2 protein chains.
Amino acid sequence: MSQPNPSELAVLKHLWSSGPQSAREVHDAVGPGQAWKASTTRTIINRLEDKGWVVRRDVHGLAVYDAALDRTRTLGGLVRHFARQVLDMSGPLPAALFAESPHLSDAELDDLDAIINAAETQDSEGEA
Amino acid sequence: MSQPNPSELAVLKHLWSSGPQSAREVHDAVGPGQAWKASTTRTIINRLEDKGWVVRRDVHGLAVYDAALDRTRTLGGLVRHFARQVLDMSGPLPAALFAESPHLSDAELDDLDAIINAAETQDSEGEA
DNA sequence: ACGAATGCGTTACATATGTAACGAACAGGC
DNA sequence: GCCTGTTCGTTACATATGTAACGCATTCGT
């Protein structure tokens, strides 16, 4: 399953909330917070593209990137992984407790519940 | 703050639940689950020792290791970090969320609440 | 038309992490 | 006393991640 690292996640989160962005736009938004130089931001974006986690579109000669991963699935996967691997929780996880996250809308919380639990299909398990 | 990586955490969790153990004992317990060769288990233990996260004691010539990190503080730190960095939760976090974890006793859950929240002292903040 | 700014591909290098072998030393069994 | 299993220190190497510079091509302002 797609487990973006912290740097990649920072970029993805921006794309999720702001939609398709150019490298410069991404940098202006997340660069400062990460204390990245522009070239670093670009490297992260390139690696995301290599992994197929963002798609690149050419808009009048300018590269614009868009998240290729689904926000809820990705966050849900990270949550499930954390709960299982770090806290050794095995049963169903209560998604409602993540309602605090500004990254998840009410609608998404519904999906999250399903994803966190039912979908044992793309974490440790159904990897094949 | 102490943020053990997944491998290190696997070893620490075993030491926390089983108490001081020899390298062999640790390996017999966590090696299979991690699909580690004995030498790999030893490497992880050595790195933990280098970081001062386990202490080594000599028992009649045999090295016995014990966790030097507090279980609740460590887990709490990981939880706080995850909630803040991954889910961008900023307010107080409900410790009850982790009641499911077999790694935390009821008594520890009380501490956890305090640690997760009040102790912004050793994550991103008071690092100095 | 020319210089400055910008976008982008390429390349680099350090540290962290995963994963493990090798060899010396020592302890017991026979 | 010798073979064997065990312990432990040392060393190694690949991949992942953090972090960034460099140089070329292009564009835009003047």
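Bear in mind that the values here come from a model prediction, so they are computed numbers and not experimental data. Convention: sequence-line order gives letters A, B, ...; per-chain numbering from 1.
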[atom1] of [X] versus [atom2] of [N]: gap in Å, rounded?
X	N	atom1	atom2	result
D50(B)	dT11(D)	CG	P	14 Å
E49(B)	dT10(D)	CD	P	11 Å
K37(B)	dA12(D)	NZ	C1'	16 Å
I45(A)	dG7(C)	CD1	P	11 Å
R42(B)	dT6(D)	CZ	P	11 Å

Legend entry - Of residues 57-69 of chain A, the positions that come close to DNA chain D - non-hydrogen atoms, cut-off under 4.0 Å: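 Correct list: empty, so none.
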
Inset, instruction - Identify, residue by residue, the members of residues 22-32 of chain B with a heavy atom below 4.0 Å from DNA chain D, and return them in order of residue number, or none. - result: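 R24(B) - these, ordered by number, are the residues of the stretch whose heavy atoms sit under 4.0 Å from the strand.
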
Legend entry - Distance, nearest 0.5 Å, that separates NZ of K13(B) from OG1 of T74(B): 12.0 Å

Inset, instruction - Hey, could you give me the CG/CG distance between D70(B) and L12(B), rounded to the nearest 0.5 Å? - result: 11.0 Å

Inset, instruction - Between dT10(D), dG9(C), dA21(C), spot the one nearest the side chain of R56(A), thanks. - result: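 Within the option list, the nearest is dG9(C).
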
Legend entry - From dT10(D), dA20(C), dA20(D), nucleotide with atom closest to N46(B) side chain: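 The answer is dT10(D).
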
Quick one: side chains of residues 55-67 of chain A, donor-acceptor pairs under 3.5 Å with protein atoms, not counting sequence neighbours, listed by atom name and distance.
| residue | atom | partner | partner atom | Å |
| --- | --- | --- | --- | --- |
| D58(A) | OD1 | G61(A) | N | 3.1 |

Legend entry - Any side-chain heavy-atom pair of T40(A) and Q34(A) under 4.5 Å: no

Inset, instruction - Report yes if the side chains of L9(A) and W16(A) come closer than 4.5 Å at any heavy-atom pair, otherwise no. - result: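 A side-chain contact exists here, since the closest heavy-atom pair is under 4.5 Å.
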
Show me, pair by pair, the donor-acceptor contacts under 3.5 angstrom made by side chains of residues 20-32 of chain B, not counting sequence neighbours?
| residue | atom | partner | partner atom | Å |
| --- | --- | --- | --- | --- |
| Q21(B) | OE1 | H14(B) | NE2 | 3.0 |
| Q21(B) | NE2 | S18(B) | O | 3.4 |
| S22(B) | OG | R24(B) | N | 3.4 |
| S22(B) | OG | E25(B) | N | 3.1 |
| S22(B) | OG | E25(B) | OE1 | 3.4 |
| E25(B) | OE1 | S22(B) | N | 2.8 |
| H27(B) | ND1 | T41(B) | OG1 | 2.5 |

Inset, instruction - Apply side chain to side chain contact (heavy atoms under 4.5 Å, CB included) to L87(A) and L78(B), showing your working. - result: CA-CA 10 Å; L87(A) 301 176; L78(B) 290 171; over 6 Å; no

Inset, instruction - Looking only at non-hydrogen atoms, find the nearest pair between A10(A) and W36(A) and report the distance. - result: CB-CH2, 4.5 Å

Would you tabulate the pairs of protein nitrogen or oxygen atoms and nucleotide nitrogen or oxygen atoms of nucleotides 14-18 of chain C closer than 3.5 angstrom?
| residue | atom | partner | partner atom | Å |
| --- | --- | --- | --- | --- |
| dT17(C) | OP2 | K51(B) | NZ | 3.4 |
| dG18(C) | OP1 | S7(B) | OG | 3.4 |
| dG18(C) | OP2 | N5(B) | OD1 | 3.4 |
| dG18(C) | OP2 | S7(B) | OG | 2.6 |
| dG18(C) | N7 | R47(B) | NH1 | 3.0 |
| dG18(C) | O6 | R47(B) | NH2 | 3.2 |

Tabulate below the donor-acceptor pairs under 3.5 Å that side-chain atoms of residues 44-54 of chain B make, not counting sequence neighbours, or state none.
| residue | atom | partner | partner atom | Å |
| --- | --- | --- | --- | --- |
| N46(B) | ND2 | R42(B) | O | 3.3 |
| K51(B) | NZ | E8(B) | OE1 | 3.4 |
| K51(B) | NZ | E8(B) | OE2 | 2.7 |
| W53(B) | NE1 | K51(B) | O | 3.4 |

